[in-house]
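Here the structure is laid out as structure tokens; the discussion comes afterwards.
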Amino acid sequence: MKAIVINKDQSLSYKDVSNPVLKDGEVLIEVYASALNRADLLQREGNYPPPAGCPEWPGLEVAGVIKEIANNVKNFKVGDKVCALLGGGGYAEYVSVPEQMVMPMPKGLSFAEASAIPEVYMTAYLNLFCVGQAKEKETLYISGGNSGLASAVVPMAKAFGMRVITSVRGAQKVDKVAYLNADRVVDTSVEDIVEVFKQEEQNGTPVDIAIDCLAGEKLGECLKYVARGCRWIQIASLAGDVSEVDFRNVFVKNIRIIGSTLRSKTPEEKGQLLKELVEKTWDKFESGQIKIKIYKTFPLEQADEAQQTLYRGENVGKVVLIVK
């Protein structure tokens, strides 16, 4: 089969590789679409190696059709349209996947749209409802409103009745994320995010949950103005690893600062999360309450061009490789 292989000089090649060999409890998926994630870029740079036993080529989420099933597969059959979460190997024509990592495709979605669900929407679900214990009418803040994660978190939070604030940098990006229908979009090139948090507290709508990929100096300042019992979920630190925090404020307001990564979850934990994702959100995908934003698609052999779109930060929504 064909796959995208990372070379020693970090370039990409479209070449022949060995077909997957099924193990008990696995299904073989003929890949129709494979969505890109920033973790793919880290893997290309040598900073995000695939777990043991996974293919060396990148790709964390796919959609396609089951072509073969191994022993002990209970819930799927050949011909089923599915999407799946992977440890790696999605930039290819075929991939073998443990059954618990596979989900039925939501009705009415394209393969490209379905490929954009497993990684990013499970991350959204994990942080909103498992880590954040989100509730209707609470206020959520998510940084990086133009990111792939925000494209999932914002509509999911809105579909469950939350008030949502997000931030971007630059008027052009404000326009680009208008489709998310966030209640407030902060342009940090002209607005101070700390002042925004202060205003929200004064207006009686302080932030109850934050899903933050930035951290940096502003984090500690923002914590002064969050709601009592705020859950501040840190998923990355793109703006810096260090911030000054007033811990008296933390314990007086009962603030929880929580580090969270999907990568650290066991296969069993991921399988349970995927099961919950289907049970709690599939009807919202199928009804259009949660809409998937595809920024652009590329043929598999143009994976480098697709990744450059992420490197340049020009995408709003997901970039997807079309395999078939």
Side-chain angles (χ1 to χ4, degrees), residues 37-39 41-42 45 47-48 120 123-124 126-135 137-154 157 162-171 173-174 177 180 182-265 311 313:
N37 291 278
R38 291 207 168 269
L41 308 185
L42 294 175
E45 295 159 5
N47 297 319
Y48 201 75
V120 72
T123 301
L126 166 68
N127 288 300
L128 276 174
F129 299 109
C130 301
V131 179
Q133 297 294 302
K135 301 178 184 66
K137 297 183 180 179
E138 286 191 318
T139 296
L140 166 75
Y141 167 69
I142 178 166
S143 58
N146 57 312
S147 68
L149 179 59
S151 75
V153 168
V154 176
M162 300 184 72
R163 181 171 181 271
V164 181
I165 304 167
T166 192
S167 61
V168 294
R169 189 164 185 83
K173 289 183 178 178
V174 171
V177 302
L180 290 173
D183 296 276
R184 182 171 185 176
V185 179
V186 180
D187 179 358
T188 57
S189 68
V190 294
E191 297 179 86
D192 183 349
I193 193 63
V194 177
E195 286 301 312
V196 169
F197 270 67
K198 185 176 181 179
Q199 291 167 13
E200 292 293 332
E201 184 185 49
Q202 291 171 345
N203 293 339
T205 53
V207 170
D208 298 287
I209 304 174
I211 299 177
D212 184 28
C213 63
L214 298 177
E217 295 179 1
K218 295 287 187 180
L219 190 160
E221 291 295 307
C222 289
L223 287 175
K224 295 178 182 179
Y225 305 109
V226 299
R228 179 176 176 81
C230 173
R231 290 81 76 198
W232 191 285
I233 302 165
Q234 204 65 47
I235 61 172
S237 53
L238 300 177
D241 297 333
V242 179
S243 188
E244 186 174 305
V245 175
D246 177 356
F247 277 97
R248 180 175 179 81
N249 179 61
V250 170
F251 62 72
V252 167
K253 282 191 170 183
N254 195 28
I255 298 167
R256 281 175 281 163
I257 304 171
I258 310 163
S260 176
T261 62
L262 179 60
R263 186 78 160 184
S264 64
K265 300 297 181 186
Y311 274 120

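Worth saying up front: this structure is predicted, and the values here are computed from it rather than measured.
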For this session: Of all the heavy-atom pairs spanning M162 and K135, show the shortest one and how long it is.
Result: CG-O, 3.7 Å

Problem set entry | Test side-chain hydrogen bond (donor to acceptor under 3.5 Å, both in side chains) applied to D241 - qualifying residues, sequence neighbours left out | S237

Exercise. Out of curiosity, I142 CD1 to L214 CG, how far, rounded to the nearest 0.5 Å?
Worked result: 10.0 Å

Problem set entry | Partner set under side-chain contact (heavy atoms from CB on, under 4.5 Å) for T139, not counting sequence neighbours | R163, I165, T205, V207, D208

Exercise. Atom CD in E221, atom CG in D192: separation rounded to 0.5 Å?
Worked result: 8.5 Å

Problem set entry | Flag side-chain contact, heavy atom, 4.5 Å: I235 against C213 | yes

For this session: Working to the nearest 0.5 Å, report the span between OG1 of T123 and CG of N127.
Result: 7.0 Å

Exercise. Quick one: do K173 and D187 make a salt bridge, cutoff under 4.0 Å?
Worked result: no

Problem set entry | Spatial distance of atom CG (L41) from atom OH (Y311) [nearest 0.5 Å] | 4.5 Å

Exercise. If you look at every heavy atom in C222 and F197, which pair is closest and at what distance?
Worked result: O-CD2, 3.7 Å

Problem set entry | Which atom of A236 lies closest to which atom of A215, heavy atoms considered | O-CB, 4.2 Å

Problem set entry | I233 side, atom CD1; Y141 side, atom OH - distance, nearest 0.5 Å | 13.5 Å

Problem set entry | Closest non-hydrogen atom pair between S151 and L180, with its separation | CA-CD2, 3.8 Å

Exercise. Can you name the side-chain contact (heavy atoms from CB on, under 4.5 Å) partners of V120, sequence neighbours left out?
Worked result: L149, A152, K318

Problem set entry | Q202: partners by side-chain hydrogen bond (donor to acceptor under 3.5 Å, both in side chains), with sequence neighbours left out | none

Exercise. Taking only residues at least two apart or on different chains, which pairs with a member in residues 242-259 satisfy side chain to side chain donor-acceptor pair (under 3.5 Å)?
Worked result: E201-K253

Exercise. Under the side-chain contact (heavy atoms from CB on, under 4.5 Å) test, which residues partner R169, sequence neighbours left out?
Worked result: T188, S189

Exercise. Looking only at atom types and distance, does a side-chain atom of Q234 sit under 3.5 Å from a main-chain N or O of G259, one as donor and one as acceptor?
Worked result: no

Problem set entry | Approximate separation, where rounding is to 0.5 Å, of T261 OG1 and L126 CG | 8.5 Å

Exercise. If every non-hydrogen atom of T166 is compared with every non-hydrogen atom of G145, which pair is closest and at what distance?
Worked result: OG1-CA, 3.1 Å

Exercise. Is E191 atom CD crowded by more than 12 heavy atoms from other residues, nucleotides or ligands, each under 6.0 Å away?
Worked result: yes

Seminar exercise, completed: In short, R228 meets V252 closest at the heavy-atom pair NH1-O, 2.5 Å

